[in-house]
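Just so we're on the same page: letters track the sequence lines, and every chain starts at 1. Quick note: numbers below take in every heavy atom, side chains included, and nothing from hydrogens, waters or symmetry partners.
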Amino acid sequence: MKLKEKINEILKSLKKLYPDAHCALNFKNPHELLIATILSAQCTDERVNMVTEKLFKKYKTIKDFANTDLLEFEKDIYSTGFYRNKAKNIIGAAKIIDKKYNGKVPKDFDQLLELPGVARKTANCVMGNAFNIATGVVVDTHVIRITEKLGLTKNKDPKKIEEDLIKLLPKEEWINFSHMIIWHGRKICIARRPKCEICKLNRICPSVAI
DNA sequence: CTCCCGATAT
DNA sequence: ATATCAGGAG
């Protein structure tokens with residue numbers, strides 16, 4: 001099967017399986033999504049949502065994040081792991097957004113990339129889910145694992161994987177594709193023990209193990 | 001490449 | 001005990 005036919009089959013199946021796939025991180029505005037996404041590195045979205053529920057009641061504006069005490073903030077986000085890096089990055093990003101962008105998260109991929117703790121995955125996530133602008137494909141741990149298993153890429157580097165996916169996917173699918181893959185990665189194609197026997201993609205997956 | 005790092009499932 | 005979770009920086 002040609003790769004283009006394959007991606008269309010995968011898209012069709014995923015849409016049927018996960019018709020309401022969406023960003024699982026809870027947020028009410030762009031800066032909340034930015035912070036939740038930084039916190040989500042190597043941490044479940046469920047845990048991030050537990051932390052941000054309290055966090056976003058304590059810190060309302062970008063200024064609140066920019067002016068908080070580092071050690072206090074580390075405690076506020078402690079259970080998400082990597083808390084020292086994440087605290088430094090979130091406060092650093094908030095200071096830049098406050099000073100340079102007048103407290104509003106820039107609606108610009110390259111400007112997002114300049115913020116500490118923000119690389120392509122986070123910038124694509126914010127552009128897509130906060131602003132509904134498709135700047136690329138979010139390549140996270142699930143997307144890396146599952147697109148490789150499905151034979152959609154042979155690359156290991158997230159940026160190259162993203163380039164491969166951009167070529168394969170219609171632009172209007174860029175944002176939703178990651179949501180559906182992540183849903184699939186959490187429910188079926190689980191890293192430790194993939195449930196290939198009940199996976200709807202098992203007929204077209206080269207890595208199926210039954 | 002290594003380091004950052006707590007919580008959870010297996 | 002160990003792998004894994006919506007990664008990024010040095």
Below 3.5 Å, does any donor atom in the side chain of A/R192 face an acceptor in the base of B/dT10, or the other way round? yes
To the nearest Å, how far apart are [X] [atom1] and [N] [atom2]?
| X | N | atom1 | atom2 | answer |
| --- | --- | --- | --- | --- |
| A/N89 | C/dA9 | CG | C1' | 8 Å |
| A/E46 | C/dT4 | CD | P | 19 Å |
| A/W183 | C/dA6 | CH2 | C1' | 11 Å |
| A/N49 | C/dC5 | CG | C1' | 13 Å |
| A/L34 | C/dA6 | CG | C1' | 14 Å |
| A/H184 | C/dC5 | NE2 | P | 14 Å |
| A/R193 | B/dT8 | CZ | P | 22 Å |
| A/L39 | B/dC5 | CG | P | 13 Å |

Measure the acute angle between the ring planes of A/F65 and A/F73, then classify it against the limits of 30° and 60° as parallel, tilted or perpendicular. perpendicular
Span that lies between the [atom1] atom of [M] and that of [N], in whole angstrom:
| N | M | atom1 | value |
| --- | --- | --- | --- |
| C/dG8 | B/dT8 | P | 24 Å |
| B/dT2 | C/dA6 | P | 24 Å |
| B/dC5 | C/dC5 | C1' | 12 Å |

Check whether any side-chain N or O of A/T122 sits under 3.5 Å from a backbone N or O of A/A119 as a donor-acceptor pair, and report yes or no. no
May I ask you to verify if any side-chain N or O of [X] is less than 4.0 angstrom from the OP1 or OP2 atom of [N]?
| X | N | result |
| --- | --- | --- |
| A/R145 | C/dC5 | yes |
| A/T122 | C/dG7 | no |
| A/Y78 | B/dG6 | yes |
| A/R47 | B/dT8 | yes |

Picking from [options], which would you name as closest to the side chain of [X]?
| X | options | answer |
| --- | --- | --- |
| A/S79 | C/dG8, B/dC5, B/dG6 | B/dG6 |
| A/R84 | B/dC5, C/dC5, C/dA9 | B/dC5 |
| A/I182 | C/dC5, C/dA6, B/dC5 | C/dA6 |

5'-most contact on DNA chain B (nearest-nucleotide basis), A/M50 vs A/K86, goes to A/K86
For the residue pair [X] and [Y], what are the closest heavy atoms and their distance?
| X | Y | answer |
| --- | --- | --- |
| A/L34 | A/V126 | CA-CG2, 3.8 Å |
| A/C43 | A/V48 | SG-CG2, 4.0 Å |
| A/R120 | A/E162 | NE-OE1, 2.7 Å |

State whether [X] and [Y] are salt-bridged, where the test is any N-O pair (Lys NZ or Arg NE/NH1/NH2 against Asp/Glu carboxylate O) under 4.0 Å.
| X | Y | result |
| --- | --- | --- |
| A/D64 | A/K58 | no |
| A/E173 | A/K15 | yes |
| A/K100 | A/E114 | yes |
| A/K63 | A/D98 | yes |

For DNA chain B, what string of dots and brackets results from 5' to 3' when Watson-Crick and G-U pairs need both distances under 3.5 Å, crossing pairs get [ ], and pairs with another strand get |? ||||.|||||
Both A/G185 and A/V118 contact DNA chain C. Taking the nearest nucleotide for each, which residue is further toward the 5' end? A/G185
Using a 4.0 Å heavy-atom cut-off, does [X] contact any base of the nucleic acid, only the sugar-phosphate backbone, or nothing at all?
| X | answer |
| --- | --- |
| A/T141 | sugar-phosphate |
| A/F82 | base |
| A/V48 | nothing |
| A/A24 | base |
| A/R186 | sugar-phosphate |

